[in-house]
Amino acid sequence: MTTRFQRALPNVARYVDDRIVRWRTGTSEGQAVVLGALLLMSAGIMLVSLISYNTFPAATFVIPILLGTMALRYQPLLALVAFIVLATALTVTKETVESGMTTGRISTLVVMALVAIIVLFESSRHRSGLPGPLGEAMLVELKDRLQAQGVVPALPEGWRSQSAMLSAGGAKFAGDFLVANLSEDETKLELVLVDVCGKGVAAGTQSLQFAGALGGLIGALPPLGLFAAGNDFLIRQDWDEGFATAVHVLVNLKTGDYSIINAGHPPALRWNTASSSWDLDGARGTALGIMKRPDFHQTTGRLEVGSALMFYTDGVVESRTQDFTAGIDWLRTEAATIVSAGFDQAPRRILKLVESGDDDRAVLIISRPGVPSRSAEEIGSAERPDHAHP
């Protein structure tokens, strides 16, 4: 018996897992399984209530209704609520015949009716056609897939990229995003940091759309062509505030040569190892989505060993109590103090110093620490021939 149970257990687990996957994808089969389970639960409550009403009164039916709200689409939920209405009417009628109607029972029925109406009304307004948790899961999965485009691949030895982002109010969706691309031969790194107009969740959906558009084009178009395509995309959108600031950087990981294009974004900063300070980059340009032919200016330079580039959004340097220029001066001073001890976790450490406000914040740092030199002992060990042991 135990052996049969152990053999059947993996099959049961696979079946349950398959049903969960089908439910999460919103298929009709998955909905039917969940509806069947909730109908069985409701039927069980009804049977116990008919036998002992005080054990499971009419208010107990709220449990399957709430579970249905979280797991079912509108049509299956409507069927569940209809069944529960009939079951409630049956149990209450039986109890009323036996012991009479009470004020408490009338109040329970009124509350149950209101709950059913509110639940059905809310479910009918779901534009995705999915129950709340499934719709949210789909949106979060889309966000995660698009944000994966902003994950910088592992860079060749001697280079490092770090970033940190915080959304306004701690929401999971923000107007700031990053897209990245490393060439197949790992010699060119391309990054775009974008700040879509708006704050927090309000800019979240626009950010998702724009991130998908740029993520599909980065690496396939030259930098100026990428910004021109992004500008055309934003102009075509019917958004109330349809513009975004962005900064593009292309780094040759062999030579350290880089180019920066700025579209209305706060100026990039370059770490000057000689003076131990952050210098302003001169790239300027028009924000994307404002005019059909924006003006972009490109700057070029070379990152030597020990130097770095920093990019950030306006939420880092601008607040109600601090203007843009003063904020940049503050950032240059604080960031210089932070990186003087090393670039490790520098973006996160910088954001910890920023006052929490109503704007999203993001910091990106590309540094060139160089290839660690080997000690004389390591070099001698590498050059010393191995001797075979008898």
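The structure displayed is predicted, hence computed values, not measured ones.
Distance check, rounded to the nearest 0.5 Å: CZ of Arg361 to CG of Leu166 gives 5.0 Å. Distance check: Asp329 CG to Phe324 CZ gives 10.5 Å after rounding to the nearest 0.5 Å. Here Leu309 contributes atom CG and Leu269 contributes atom CG; the two are 9.0 Å apart, rounded to the nearest 0.5 Å. One distance of note links OG1 of Thr337 with CZ of Arg332; it measures 12.5 Å at 0.5 Å rounding. A distance of 10.5 Å separates NZ in Lys292 from CG in Asn231, rounded to the nearest 0.5 Å. Between atom OG1 of residue Thr60 and atom CD1 of residue Ile63 there is a gap of 6.0 Å, rounded to the nearest 0.5 Å.
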(message) Show, in sequence, the C-alpha distance, side-chain angles and deciding distance for Met165 and Asp360, and conclude whether the side-chain contact (heavy atoms from CB on, under 4.5 Å) test is met.
(response) CA-CA 8 Å; Met165 293 187 182; Asp360 307 318; over 6 Å; no
(request) Could you go through the side chain to side chain donor-acceptor pair (under 3.5 Å) check for Thr299 and Asp281 one step at a time? (result) CA-CA 8 Å; Thr299 58; Asp281 180 78; 2.9 Å; yes
(request) Go through Asp185 and Thr187 one step at a time and tell me if the side chain to side chain donor-acceptor pair (under 3.5 Å) criterion holds. (result) CA-CA 6 Å; Asp185 58 3; Thr187 61; 2.8 Å; yes
(request) Determine, stepwise, if the pair Asp279 / Arg270 fulfils salt bridge (charged side-chain N to carboxylate O under 4.0 Å, His left out). (result) CA-CA 5 Å; Asp279 297 335; Arg270 174 176 173 170; over 6 Å; no
(request) Please step through side chain to side chain donor-acceptor pair (under 3.5 Å) for the pair Ser277 and Asn272, ending with a clear verdict. (result) CA-CA 5 Å; Ser277 62; Asn272 188 324; 5.1 Å; no
(request) Test side-chain contact (heavy atoms from CB on, under 4.5 Å) on Phe61 and Val81 and set out the steps. (result) CA-CA 9 Å; Phe61 285 106; Val81 170; over 6 Å; no
(message) I'd like to know whether Ile365 forms a side-chain contact (heavy atoms from CB on, under 4.5 Å) with Phe311, so could you lay out the CA-CA distance, the side-chain angles of the two residues, the decisive distance to 0.1 Å, and finally the verdict.
(response) CA-CA 6 Å; Ile365 294 181; Phe311 309 92; over 6 Å; no
(request) Applying side-chain contact (heavy atoms from CB on, under 4.5 Å), run through Trp330 and Val354 and close with a yes or a no. (result) CA-CA 10 Å; Trp330 170 87; Val354 179; 3.9 Å; yes
(request) Start with the C-alpha distance between Glu95 and Thr91, add both sets of side-chain angles, then the distance that settles side chain to side chain donor-acceptor pair (under 3.5 Å), and finish with yes or no. (result) CA-CA 6 Å; Glu95 185 65 17; Thr91 56; over 6 Å; no
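Within a 6.0 Å sphere centred on NZ of Lys94, other residues, nucleotides and ligands contribute more than 12 heavy atoms. By the 6.0 Å contact criterion, CZ on Arg160 is enclosed, its count of non-hydrogen atoms from other residues, nucleotides or ligands being greater than 12. Within 6.0 Å of the CD atom in Glu304, the count of heavy atoms belonging to other residues, nucleotides or ligands exceeds 12.
Under the 4.5 Å side-chain heavy-atom criterion for Ile, Leu, Val, Met, Phe, Trp and Tyr, Ile117 and Met112 are members of distinct hydrophobic clusters. By the rule that hydrophobic residues join a cluster once side-chain heavy atoms approach within less than 4.5 Å of another member, Leu40 and Val34 end up as members of separate clusters. If you chain together hydrophobic residues whose side chains sit under 4.5 Å apart, Leu86 and Leu39 never meet in one group. Two different hydrophobic clusters hold Met70 and Ile118 under the rule that ILVMFWY side chains link at heavy-atom gaps under 4.5 Å. Ile235 and Leu288 are members of different hydrophobic clusters when ILVMFWY side chains are connected at heavy-atom separations under 4.5 Å.
Using modelled atom types, no side-chain atom of Ser42 and backbone atom of Ile84 make a donor-acceptor pair closer than 3.5 Å. Looking only at distances, a side-chain donor or acceptor of Gln31 sits under 3.5 Å from a matching main-chain atom of Arg73. Of the possible polar contacts, one joining the Gln237 side chain to the Phe233 backbone as a donor-acceptor pair under 3.5 Å is found. No donor-acceptor pair closer than 3.5 Å links the side chain of Gln209 to the backbone N or O of Leu234. Under the 3.5 Å distance criterion, the side-chain polar atoms of Arg368 are left unmatched by any main-chain donor or acceptor of Trp159. Although no hydrogens or angles enter the test, the distance criterion places a donor-acceptor pair under 3.5 Å between the side chain of Thr255 and the main chain of Asp257. In this structure, Tyr258 contributes its side chain and Leu253 its backbone to no donor-acceptor pair below 3.5 Å. At distances below 3.5 Å, not a single donor-acceptor pair connects side-chain atoms of Ser123 with backbone N or O atoms of Val119. Checking side-chain atoms of Ser52 against main-chain N and O of Val48 turns up no donor-acceptor pair under 3.5 Å.
Side-chain contact check for Tyr53 versus Arg105: some heavy-atom pair is nearer than 4.5 Å. The shortest side-chain heavy-atom distance between Phe83 and Val85 does not fall under the 4.5 Å cut-off. Side-chain contact between Leu189 and Leu250: absent, with no pair of heavy atoms (C-beta onward) separated by less than 4.5 Å. Counting heavy atoms from C-beta on, the side chains of Val247 and Ile261 never come closer than 4.5 Å. Residues Val194 and Leu214 form a side-chain contact, since some pair of their non-hydrogen atoms from C-beta on lies under 4.5 Å apart. Looking at His248 and Phe227, their side chains come closer than 4.5 Å, going by heavy atoms from C-beta outward. A heavy-atom distance below 4.5 Å is not found between the side chains of Ile338 and Phe343. Side-chain contact between Pro347 and Leu364: absent, with no pair of heavy atoms (C-beta onward) separated by less than 4.5 Å.
A cation-pi arrangement, defined by a distance under 6.0 Å to the six-membered ring centre and an angle within 45 degrees of its axis, is absent between Arg284 and Phe296.
Closest heavy-atom contact between Ala287 and Thr245: CB-CG2, 4.2 Å. Counting all heavy atoms, side chain and backbone alike, Val192 lies closest to Ala246 at CG1-CB, 4.4 Å. For the residue pair Val152 and Ser161, the shortest heavy atom distance occurs at CG2-OG, 3.6 Å. Between Ile260 and Ala283 the shortest heavy-atom distance is O-CB, 3.8 Å. When all heavy atoms of Ala59 and Thr108 are compared, the pair lying nearest together is N-CG2, 3.8 Å. Looking at every heavy atom in both residues, Gly230 comes nearest to Phe210 through O-CE1, 3.7 Å.
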